[in-house]
Trainee: 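Below you'll find the structure I mean.
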Amino acid sequence: MSNSAGLFSSSLGRKYLMALTGLFLCSFLVIHLIGNVALFTDPVQFNEYTRFMSSNPLIRIMEIVLVVGFLTHIIDAILLTKANKAAQPVKYAMDKKKSTWYSRNMGLTGTIILVFLIIHLQSFWYGYKFGVIEMAEDSSGAAIKDMYTMVLAAFSQWWYAAIYVVGMILLGTHLSHGFQSAFQSMGLRHKKYTPTIQKVGTAFALAMTLGFISFPIYFYIIQL
Amino acid sequence: MNITLKVWRQNGADDKGRIVEYKMSDISPDMSFLEMMDVLNEELITKGDDPVAFDHDCREGICGMCSMYINGEPHGPEDLITTCQLHMRSFKDGDTIYVEPFRAAAFPVIKDLVVDRTAFDAIIQVGGYVSVNTSGNTQDANSLPVPKADADKAFDAATCIGCGACVATCKNSSAMLFTAAKISHLALLPQGKVEAQERALNMVEKMDELGFGNCTNTGDCEVQCPKGISLENIALMNREFLGASLKSEK
Ligand code: HEM
Ligand code: SF4
Ligand code: FES
């Protein structure tokens, strides 16, 4: 496409979009992780935090932006992966790739993250909004949806906690490649800074995985 | 040395193709890989069989004609060389060696190990050049100052021989390393800057149109490139293309 309107139908344009939405989703992960720390405080505080998150208008707007971000990332991922598969239709009888497994399997790790996301939203987002949920008291004594107990109940099942552990490990592999790859996709490469970006990417992936895994494991253990 | 070859044989584009095994004996470790293939073909011709078709020309690593995916890697197991620069001493006595054509939808097999790489020419034709009038008054080369760092980078990019190893090894058969080498080679030099914008737009558009895949930044191309073309060029192309897309009024 030789005009700006067609930018996002070109291979590179799609990669810019992938990188932008990918990094945006990374920023969401950070916020989500920080928010979850409320789970480690006490039930009342966590329930109040959840109520705030689901009622604050600014957060509602961000929720829509987040959904658009996810959908863009996923649709773009499907378009790119389809074109990539079509470009290499015949496999080699003997193939020795030197790249990392996770860099070659972004589509696979992404799909598993998507499956995880659906399970996660079904349990907590749908469950909180439309499901049957017990009531508790907030700090002023008023009735509040008891999200804390819901989380606790979910993670008391070992297999449910295990889904989270697996999901988060795959998120970590997605990010190990994805974070630094996004900079390269946008042309941000520099002899001096790129090695640092790559290290930050690995650290980020590790921090997100360990951070998010800590919740299911903590809640499973305290209920043993 | 005794070697077992597993060679892809395919009689034209419409044939399905298959791996055929050949036992080779008395191979000298000092032979080049292509010489070993020549020996195989002599034997096949003596027996009245069809020789294995493969591409080659200069046999000194500068033309980019030789191809072949040897034991799972384009141009074989050694780094920074082409197939014609590969020697049998890189293998062990008794080894089994797979020899396959470069695989990509945009590089259809013509016969056996020969693939059609005209897609690369098509990419070059839409911008891999500088339009200058060469009739007569050539100006003094030193009248156009080029920063040393840019000259070095442009030279490194210019060493791309258009062999297609990057496409062959890429899981997406992406031609980004090749295209990026051409785009940055010219974009870094004053003579090439004039057409840099159109070049980036047209070459990327052509590359997409020809059915090459996208870049997932796995980095396999950089490792397998016989000339060590760096991923830095792809980043530069990504910047060039973004700038050009935003500026272009077409
Ligand atoms: C919180 C969730 C997610 C985050 C933080 C995330 C982040 C990223 C980042 C940073 C990249 C690198 C972009 C680039 O190379 O330029 C990426 C690439 C990718 N993502 Fe995600 N992603 C997430 C979810 C998903 C999901 C749900 C899918 C698929 C259904 C997916 C599929 C992909 C694919 C296929 C690529 C590679 C595209 C390519 O380079 O060819 N991701 N992701
Ligand atoms: S970039 Fe390297 S591997 Fe690709 S065509 Fe040029 S020389 Fe060959
Ligand atoms: S035959 Fe010319 S590079 Fe190998």
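A note on names: the letters A, B, ... follow the listed sequences, proteins ahead of strands, and every chain is numbered from 1.
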Trainee: Could you give the distance from CG (A:Leu80) to CG (B:Asn172), rounded to the nearest 0.5 Å?
Mentor: 8.5 Å
Trainee: Under 4.5 Å heavy-atom distance to chain A, tell me which part of B:Glu232 shows up: side chain, backbone, both or neither.
Mentor: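 Looking at B:Glu232, backbone and side chain both touch chain A.
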Trainee: Identify the two heavy atoms, one from A:Gln88 and one from B:Lys171, that lie closest to each other, and give their separation to 0.1 Å.
Mentor: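 Minimum heavy-atom contact is CB-O, 3.5 Å.
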Trainee: Under 4.5 Å, counting heavy-atom pairs only, tell me which of A:His177, A:Arg14, A:Met18 racks up the most with chain B.
Mentor: A:His177
Trainee: Take a 6.0 Å sphere around NZ of B:Lys193 and say whether it holds more than 12 heavy atoms from other residues, nucleotides or ligands.
Mentor: yes
Trainee: Search all heavy atoms of A:Ala87 against all heavy atoms of B:Gly211 and return the closest pair with its distance.
Mentor: CB-O, 3.4 Å
Trainee: Quick one: what part of B:Met176 sits under 4.5 Å from any heavy atom of chain A, side chain, backbone, both or neither?
Mentor: side chain
Trainee: Which bit of A:Lys97 comes within less than 4.5 Å of chain B, counting heavy atoms only: side chain, backbone, both or neither?
Mentor: both
Trainee: Let me confirm one number: the OG-CZ distance from B:Ser230 to A:Arg189, rounded to the nearest 0.5 Å.
Mentor: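 Reported value, rounded in 0.5 Å steps: 5.5 Å.
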Trainee: By a 4.5 Å heavy-atom criterion (distance strictly below it), what part of B:Leu210 contacts chain A: side chain, backbone, both, or neither?
Mentor: neither
Trainee: Considering only heavy atoms, which portion of B:Leu231 lies under 4.5 Å from any heavy atom of chain A: side chain, backbone, both, or neither?
Mentor: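 Backbone plus side chain of B:Leu231, per the 4.5 Å heavy-atom cut-off to chain A.
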Trainee: Name the option with the most non-hydrogen atom pairs under 4.5 Å to chain A; the candidates are B:Thr169, B:Ile70, B:Ile19, B:Val167.
Mentor: B:Thr169
Trainee: Using every non-hydrogen atom in the two residues, find where B:Ala105 and A:Ala86 come nearest and quote the distance to one decimal.
Mentor: CB-O, 3.5 Å
Trainee: Going by the angle between their ring planes, with limits at 30° and 60°, are A:Tyr92 and B:Tyr69 parallel, tilted or perpendicular?
Mentor: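 Because their plane-to-plane angle is under 30°, the rings of A:Tyr92 and B:Tyr69 count as parallel.
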Trainee: Less than 4.5 Å to any heavy atom of chain B: does that hold for the side chain of A:Lys191, its backbone, both, or neither?
Mentor: side chain
Trainee: Tell me whether B:Lys111 at atom NZ has more than 12 heavy atoms from other residues, nucleotides or ligands lying less than 6.0 Å away.
Mentor: yes
Trainee: Are more than 12 heavy atoms from other residues, nucleotides or ligands located less than 6.0 Å from atom NZ of A:Lys82?
Mentor: no
Trainee: Should we count NZ of B:Lys227 as having more than 12 external heavy atoms under 6.0 Å?
Mentor: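 More than 12 heavy atoms, drawn from other residues, nucleotides or ligands, come within 6.0 Å of this atom.
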Trainee: B:Leu242 versus A:Leu7: any side-chain heavy-atom pair under 4.5 Å?
Mentor: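 Answer yes - side chains close enough.
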Trainee: Can you name the closest pair of heavy atoms from A:Gln184 and B:Ile234 and give their distance?
Mentor: NE2-CB, 3.7 Å
Trainee: Between CE of B:Met207 and CG of A:Leu12, what distance do you get to the nearest 0.5 Å?
Mentor: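 The CG atom of A:Leu12 is 5.5 Å from CE of B:Met207, to the nearest 0.5 Å.
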Trainee: Identify the two heavy atoms, one from B:Asp220 and one from A:Ser99, that lie closest to each other, and give their separation to 0.1 Å.
Mentor: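 Distance-wise, the nearest heavy atoms are OD2-OG, 2.6 Å.
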Trainee: Where on A:Ser185 is there a heavy atom nearer than 4.5 Å to chain B: the side chain, the backbone, both, or neither?
Mentor: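 Both backbone and side chain.
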Trainee: Measure from the side-chain N and O atoms of A:Lys15 to the backbone N and O of B:Asn214, and report whether any donor-acceptor pair falls under 3.5 Å.
Mentor: no
Trainee: Side chain from CB out, backbone as N, CA, C, O: work out which of these in A:Ala93 comes under 4.5 Å of a heavy atom of chain B, or both, or neither.
Mentor: both
Trainee: Please determine, by modelled atom types, if B:Asp208 and A:Ser10 share a side-chain donor-acceptor pair under 3.5 angstrom.
Mentor: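 Distance-only check fails for B:Asp208 and A:Ser10.
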Trainee: Decide side chain to side chain contact (heavy atoms under 4.5 Å, CB included) for A:Gln180 and B:Asn217; before the verdict, give the C-alpha distance in whole Å, the side-chain angles of both, and the deciding distance to 0.1 Å.
Mentor: CA-CA 9 Å; A:Gln180 53 87 26; B:Asn217 303 323; 5.8 Å; no
Trainee: Can you tell me how far the CD atom of B:Glu100 sits from the CE atom of A:Met94, to the nearest 0.5 Å?
Mentor: 8.5 Å
Trainee: Against chain A, label B:Glu209 side chain, backbone, both or neither, depending on which of its atoms sit under 4.5 Å from a heavy atom there.
Mentor: neither
Trainee: More than 12 non-hydrogen atoms from neighbouring residues, nucleotides or ligands closer than 6.0 Å to CG on B:Asp14, yes or no?
Mentor: no
Trainee: Report which part of B:Ala168 has an atom under 4.5 Å of a heavy atom belonging to chain A: side chain, backbone, both, or neither.
Mentor: both
Trainee: What part of B:Leu236 gets within 4.5 angstrom of chain A, counting heavy atoms only: side chain, backbone, both, or neither?
Mentor: neither
Trainee: Counting only heavy atoms not in B:Phe155 (residues, nucleotides, ligands), do more than 12 fall under 6.0 Å from its CZ?
Mentor: no
Trainee: B:Arg103 vs A:Lys91, test: side chain to side chain contact (heavy atoms under 4.5 Å, CB included). Steps then yes/no.
Mentor: CA-CA 7 Å; B:Arg103 298 276 186 210; A:Lys91 296 285 162 245; over 6 Å; no
Trainee: Given side chain to side chain contact (heavy atoms under 4.5 Å, CB included), test A:Arg104 with B:Thr216 step by step and report yes or no.
Mentor: CA-CA 8 Å; A:Arg104 294 195 304 273; B:Thr216 301; over 6 Å; no
